[in-house]
Protein chains: 2
Amino acid sequence: MGHEVLAAVLRVRGASLQVMLWERAREPHAHRWSLPGGELRVDEDVESSIRRQLAEKVDVRQLSHVEQLAVFSAPDRVPGPRVVATAFLGLVPSDVDPERPADTEWHCVEKLPAMAFDHASIVDRARHRLGSKLSYTNVGFALAPPEFTISLLRDHYSAALGYRVSATNLQRVLSRRLLLEPTGGTAPPGPSGGRPAALFRFSAKGIKVTDPFAVLRPPGSGRPAGGSGTT
Amino acid sequence: MGHEVLAAVLRVRGASLQVMLWERAREPHAHRWSLPGGELRVDEDVESSIRRQLAEKVDVRQLSHVEQLAVFSAPDRVPGPRVVATAFLGLVPSDVDPERPADTEWHCVEKLPAMAFDHASIVDRARHRLGSKLSYTNVGFALAPPEFTISLLRDHYSAALGYRVSATNLQRVLSRRLLLEPTGGTAPPGPSGGRPAALFRFSAKGIKVTDPFAVLRPPGSGRPAGGSGTT
DNA sequence: CACGTTTTCGACCAGTAGGCGAAAACCCCG
DNA sequence: CGGGGTTTTCGCCTACTGGTCGAAAACGTG
């Protein structure tokens with residue numbers, strides 16, 4: 001029974017969320033688009049494996065986030081011999097455009113091309129996971145450059161979530177979690193003028209929220225923003 | 001490369017959270033305790049597989065919740081040929097005590113016995129996941145009988161979370177999500193008297209929260225308890 | 001220098017959870 | 001049968017959160 005690793009690598013481009021896809025040259029499912037990945041080797045765990053395989057497509061240093069998504073194991077998910085897949089979610093900041101082989105391209109997740117095997121459902125799962133985690137973790141910073149304006153961050157959140165978010169709110173929420181640190185610099189205003197935006201960076205001093213907030217907290221532990229995220 | 005499925009099946013007993021373990025009779029790791037599970041067959045997906053394998057230990061109808069946890073894939077996680085494991089989290093209500101084979105026993109998660117392979121870390125992961133999901137989903141009901149008092153529910157939450165929760169708060173939080181439905185009946189008071197507690201059941205009319213709340217919501221969507229849990 | 005544009009900030013409101021403390025409902029005992 | 005102990009239940013208050021709105025700040029352009 002084979003085991004493969006696959007990754008839905010997402011990034012924000014303009015106002016849309018994109019996923020990195022790879023056009024299959026060979027049968028089965030030739031000319032359909034698939035997720036990067038490949039067979040798990042005997043001497044590596046799944047995370048090492050996906051990082052190794054992604055390195056062929058993008059510079060791994062540019063991957064700002066990698067996490068396990070789920071196992072896809074329907075017996076007939078690929079034709080031929082049985083293959084179980086461990087799927088990952090990967091994120092790339094919006095300021096880098098990694099060199100990539102000619103057979104890979106970024107596609108908007110809203111209108112995916114003809115996808116191979118069950119890869120469309122993996123992309124869906126990745127979108128959903130990203131959307132869920134955006135609000136209660138700090139993975140949002142994995143989508144943005146090291147220095148960014150609140151407007152840019154808002155646009156990224158909007159693209160990933162699929163609905164408009166308010167810059168006022170976003171800034172306040174993140175500030176309360178001590179995640180925003182002003183760099184002092186400002187970004188030049190756009191061609192139509194406007195007040196120059198202040199630049200921020202992600203503050204490592206902040207609350208690192210990996211897991212959801214506990215709604216039911218230990219007694220006397222203050223409020224959510226007081227920092228009760230486990231880890 | 002082999003693939004196995006394993007489950008950390010948890011339940012609350014009194015004030016402690018327990019996990020179902022199985023004592024290995026054969027080498028390797030004979031007499032150490034391990035999680036139920038076994039090899040994935042070629043004609044089943046991982047979830048079907050874990051349900052089938054758990055059926056040998058407990059009545060599957062008593063499993064109130066099953067979900068994928070993570071893949072454990074360190075090359076040397078088990079001696080001998082490579083085996084990748086898909087781990088699950090399972091929950092059993094506290095009112096049933098399934099008949100079980102003589103070689104399986106419930107152990108308090110606080111003081112686990114000598115565990116086989118990497119199973120201790122899987123139990124840890126399961127505890128952590130349950131704790132996280134308790135507050136923002138309704139998996140809490142999977143730990144309780146179909147009819148329960150608020151005090152019982154509070155005790156279960158306390159056991160699973162590892163800290164005291166207030167019954168007042170718990171009731172209010174769950175009520176706001178429309179998850180509590182009074183049955184009308186009352187439970188007899190304990191041996192030391194006291195006001196009889198009202199019985200509740202889990203209301204299917206309520207907000208089914210599977211994913212975390214969105215802290216940043218679409219505009220004009222009201223408040224968290226207004227029901228913005230995705231799905 | 002008035003105007004449009006974009007960012008930033010402050011104020012207000014509704015809703016949420018945490019923390020009491022009092023009242024209700026029961027048992028037991030004298 | 002009434003008082004004391006026990007447990008549940010309910011109401012009130014506070015702190016804090018996120019959503020919304022509008023005004024002020026800071027820039028370019030005509």
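From a predicted model like this one, the values you see are computed outputs, not experimental measurements. Chain naming here is simple, since letters A, B, ... match the order of the sequence lines and numbering starts at 1 in each.
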If you count the non-hydrogen atoms of other residues, nucleotides and ligands that lie under 6.0 Å from CZ in A/Arg100, is the total more than 12?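 Counting other residues, nucleotides and ligands, CZ of A/Arg100 exceeds 12 neighbours.
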
Would one find more than 12 heavy atoms of other residues, nucleotides or ligands at under 6.0 Å from atom CZ of B/Arg77?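 Correct, the count exceeds 12.
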
Taking atom [atom2] of [N] as reference, at what distance in whole Å does atom [atom1] of [X] sit?
| X | N | atom1 | atom2 | answer |
| --- | --- | --- | --- | --- |
| A/Tyr163 | D/dT20 | OH | P | 11 Å |
| A/Leu153 | C/dT6 | CG | C1' | 17 Å |
| A/Leu174 | C/dT8 | CG | C1' | 15 Å |
| A/Leu161 | D/dG19 | CG | P | 11 Å |
| A/Leu170 | C/dC9 | CG | P | 14 Å |
| B/Tyr157 | C/dA17 | OH | C1' | 15 Å |

Counting primed atoms plus P, OP1 and OP2 as sugar-phosphate and everything else as base, spell out the protein contacts along nucleotides 5-11 of chain D at 4.0 Å heavy-atom distance: B, S or - for each nucleotide, 5' to 3'. BBBBSBB

Six-ring centre of B/Trp106, B/Arg13 cation under 6.0 angstrom, axis tolerance 45°: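 No - B/Arg13 does not lie over the ring of B/Trp106 by the 6.0 Å and 45° rule.
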
Below the 4.0 Å mark, does D/dC16 have OP1 or OP2 next to a side-chain nitrogen or oxygen of A/Arg176?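 So the side-chain polar atoms of A/Arg176 never come under 4.0 Å of the phosphate oxygens OP1 or OP2 of D/dC16.
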
With a 4.0 Å limit, can you tell me whether A/Asn169 has a side-chain N or O closer than that to the phosphate oxygens OP1/OP2 of D/dG18?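 It does not, given that no N or O in the side chain of A/Asn169 lies less than 4.0 Å from OP1 or OP2 of D/dG18.
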
Indicate whether the side chain of B/Ser121 and that of B/Asp124 have a donor and an acceptor atom separated by less than 3.5 Å.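 There is no such pair between these side chains.
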
May I ask you to decide if B/Leu91's main-chain N or O and B/His65's side chain share a donor-acceptor pair within less than 3.5 Å?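 Looks like no, no N/O pair under 3.5 Å.
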
Interatomic spacing from CG in A/Asp155 to OG1 in A/Thr149 - rounded to 0.5 Å: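 It is 7.5 Å, given to the nearest 0.5 Å.
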
